[in-house]
Amino acid sequence: MDFEQLRAFYTLAQTKNFTKAAEILHLVQSTVTMRIKQLEEKVGKPLFVRDKRSVEITQAGLTLLPYAERILQLSHEALNEVASLHPHEDYLSVGSLNSIWTSILEPILKEYHFRYPSIALSTKTGRSSDVIQYLLDNVIQIGIVYVPPSLPNFDVIPTWEDEVVLVCDPKSTFAETNTVDASELRHLPILYMSWGPPFNEWIRQTLPRNYVPRLNVDKAELAIDLVKEGLGVSLLTRSTVKADLAAGTLKELIITGNKPPKRSAYIVLPRDKKNKPSVEKWLGLMKEFGYHT
C-alpha cells in the first residue's frame with residue numbers, strides 16, 4: 001500500500017474532517033480526497049461515509065485502522081533506527097515492562113550506555129504481549145517479559161525468579177503484626193495487582209470464589225504509592241519493593257501457610273540475532289549482574 005494514502009486515511013480517521021486532515025498533512029483538501037479515493041479503490045470498499053456535515057469511518061475502515069497505524073509506526077521506527085546508526089557502529093533496542101525497567105534493568109541500561117559508547121541504545125516499554133509484538137515486528141532485538149511466549153525461531157531463556165511479598169505502610173495498624181496466614185488475606189484491604197499465571201491460580205485457591213478486590217491496579221508503582229498513603233496492603237514482587245523495604249518506607253508481612261508462587265522472568269530473542277555483537281554484549285552484562293542468560 002502507498003504510505004501517503006495510509007497516512008491520509010489514518011489522519012482523516014482521527015480528525016473526521018477533510019479540512020483538518022489537510023491542514024495536519026500540509027496538503028490541499030483535494031489531494032487528501034484523492035488519496036482516500038485511491039485507497040478505497042485498492043481495498044474495494046468505502047472507508048468513510050461522507051455527507052455535508054460529517055465524516056464517519058465505516059466497518060471496513062475500522063478493520064483497516066489498526067493495521068495502518070502499525071505500518072506507519074513501523075515506518076517511523078525503521079527510519080529512527082537507521083538514523084540512530086550515524087555516527088554509531090551498531091544499535092540495540094530492548095523492550096520490557098515498566099516494573100522490570102525500574103527494579104531490575106535500569107542499572108544494566110546505565111552500565112551498557114557508559115561501557116559501549118559506539119552502540120546506539122533504545123528502549124521500549126509495554127505489557128508482555130506488547131513486548132512480544134515488538135519482537136515479531138523487529139522493533140526490538142531483546143525482550144524481557146514475565147509471560148513466556150511459544151514462538152518458532154525465538155529463544156526463551158528463564159533468567160530470574162522473583163518472590164511475591166505482602167507489604168504495608170509501616171505506620172498502619174497492619175504493621176503491628178509481622179506475619180499473616182494466607183487464609184487471613186481475605187480479611188485484609190488488598191490493593192490488588194495481577195501477576196499472571198501461576199499467581200492468579202494461587203489467588204483463586206487462597207481467596208473465596210466470590211472475592212472481588214475493592215481496588216484493582218495495573219501498575220506496581222501506583223500500588224506502592226497507595227500502600228504508603230495507608231489505603232491498604234498489596235502483594236508485589238520483591239524486586240519492585242526492595243528499595244522501599246530497605247529504606248523503611250514499606251514493611252513486609254511474612255505470609256505463612258500457602259505461600260504465593262515465585263514470579264519468573266524470561267529473556268526472549270530471535271535466534272538469528274543472538275550472535276549480533278550488541279546483543280551478545282547486553283546478555284554478557286546481564287550475566288555480570290547475576291542473571292542467567
Side-chain angles (χ1 to χ4, degrees), residues 1-86 91-98 101 120-145 147-154 156 196 218-219 268-273 276:
M1 289 184 179
D2 184 286
F3 276 100
E4 297 308 320
Q5 292 172 6
L6 283 177
R7 193 168 285 112
F9 163 72
Y10 180 77
T11 306
L12 183 59
Q14 302 304 309
T15 61
K16 296 185 179 180
N17 184 287
F18 275 94
T19 302
K20 289 182 180 178
E23 289 175 356
I24 292 171
L25 295 169
H26 303 290
L27 299 170
V28 295
Q29 186 173 325
S30 59
T31 301
V32 175
T33 302
M34 178 186 67
R35 289 178 180 176
I36 297 298
K37 183 178 179 182
Q38 290 171 338
L39 185 58
E40 288 178 325
E41 289 173 354
K42 283 184 181 179
V43 300
K45 292 185 178 182
L47 300 173
F48 298 96
V49 176
R50 312 152 173 89
D51 60 32
K52 292 182 179 180
R53 295 183 179 180
S54 65
V55 177
E56 294 296 332
I57 192 166
T58 65
Q59 186 58 49
L62 288 172
T63 302
L64 178 62
L65 186 58
Y67 293 98
E69 183 176 13
R70 191 166 148 203
I71 290 168
L72 294 171
Q73 181 182 2
L74 283 174
S75 171
H76 179 71
E77 293 281 354
L79 292 174
N80 283 346
E81 290 287 356
V82 173
S84 70
L85 288 177
H86 181 75
Y91 73 94
L92 177 68
S93 185
V94 182
S96 193
L97 288 72
N98 186 66
W101 277 119
L121 184 61
S122 64
T123 67
K124 294 287 288 183
T125 304
R127 297 168 299 179
S128 287
S129 58
D130 298 324
V131 174
I132 299 307
Q133 190 61 58
Y134 295 148
L135 283 165
L136 292 171
D137 290 339
N138 203 30
V139 172
I140 60 176
Q141 291 77 53
I142 298 175
I144 301 168
V145 297
V147 180
S150 178
L151 296 172
N153 304 318
F154 281 79
V156 179
D218 64 352
K219 189 175 180 182
V268 185
L269 69 162
R271 292 194 186 110
D272 60 356
K273 297 286 197 308
K276 185 181 177 185

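Below, each value reflects all heavy atoms present in this structure, side chains not excepted, and no hydrogens, waters or symmetry copies.
To the nearest 0.5 angstrom, S93 atom OG is 8.0 Å from L121 atom CG. The CG atom of L47 sits 10.0 Å away from atom OG1 of T63, with the distance rounded to the nearest 0.5 Å. Here D2 contributes atom CG and L39 contributes atom CG; the two are 8.5 Å apart, rounded to the nearest 0.5 Å.
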Residues 65-75 side chain polar contacts: donor-acceptor under 3.5 Å, at least two apart:
from	atom 1	to	atom 2	distance (Å)
R70	NE	D137	OD1	3.4
R70	NE	D137	OD2	3.1
R70	NH2	D137	OD1	2.7

For residues 24-37, which side-chain donor-acceptor pairs fall under 3.5 Å, sequence neighbours excluded?
from	atom 1	to	atom 2	distance (Å)
Q29	OE1	T19	OG1	3.1
T33	OG1	Q29	O	3.1

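Every residue two or more places apart in sequence or in another chain that forms a side-chain contact (heavy atoms from CB on, under 4.5 Å) with L62 is listed here: I57, Q59. Partners of K42 according to the side-chain hydrogen bond (donor to acceptor under 3.5 Å, both in side chains) rule, which considers only residues two or more places apart in sequence or in another chain, are Q5. For N17, there are no side-chain hydrogen bond (donor to acceptor under 3.5 Å, both in side chains) partners two or more places apart in sequence or in a different chain. Looking at residues two or more places apart in sequence or on another chain, you find a side-chain contact (heavy atoms from CB on, under 4.5 Å) between V147 and S128. The side-chain contact (heavy atoms from CB on, under 4.5 Å) search around T125 returns N98, W101, not counting sequence neighbours. Scanning for side-chain hydrogen bond (donor to acceptor under 3.5 Å, both in side chains) contacts around Q14 gives an empty result, with sequence neighbours left out. In terms of the salt bridge (Lys or Arg N to Asp or Glu O under 4.0 Å) criterion, residue partners of K124 (sequence neighbours excluded) are, by chain and number, E77. Every residue two or more places apart in sequence or in another chain that forms a side-chain contact (heavy atoms from CB on, under 4.5 Å) with P46 is listed here: E40.
Residues V131 and V268 are not in side-chain contact: their nearest non-hydrogen atoms beyond the backbone lie 4.5 Å or more apart.
Environment of CG in D218: sparse, with no more than 12 heavy atoms of neighbouring residues, nucleotides or ligands closer than 6.0 Å.
V156 approaches P148 most closely through the heavy-atom pair CG1-CB, 4.0 Å.
Legend: salt bridge (charged side-chain N to carboxylate O under 4.0 Å, His left out) pairs involving residues 10-27, not counting sequence neighbours, sorted by first then second residue: K16-E56. Annotation: ring-ring contact (aromatic ring centres under 6.0 Å, His included) contacts involving residues 28-49, sequence neighbours excluded, comprise F9-F48.
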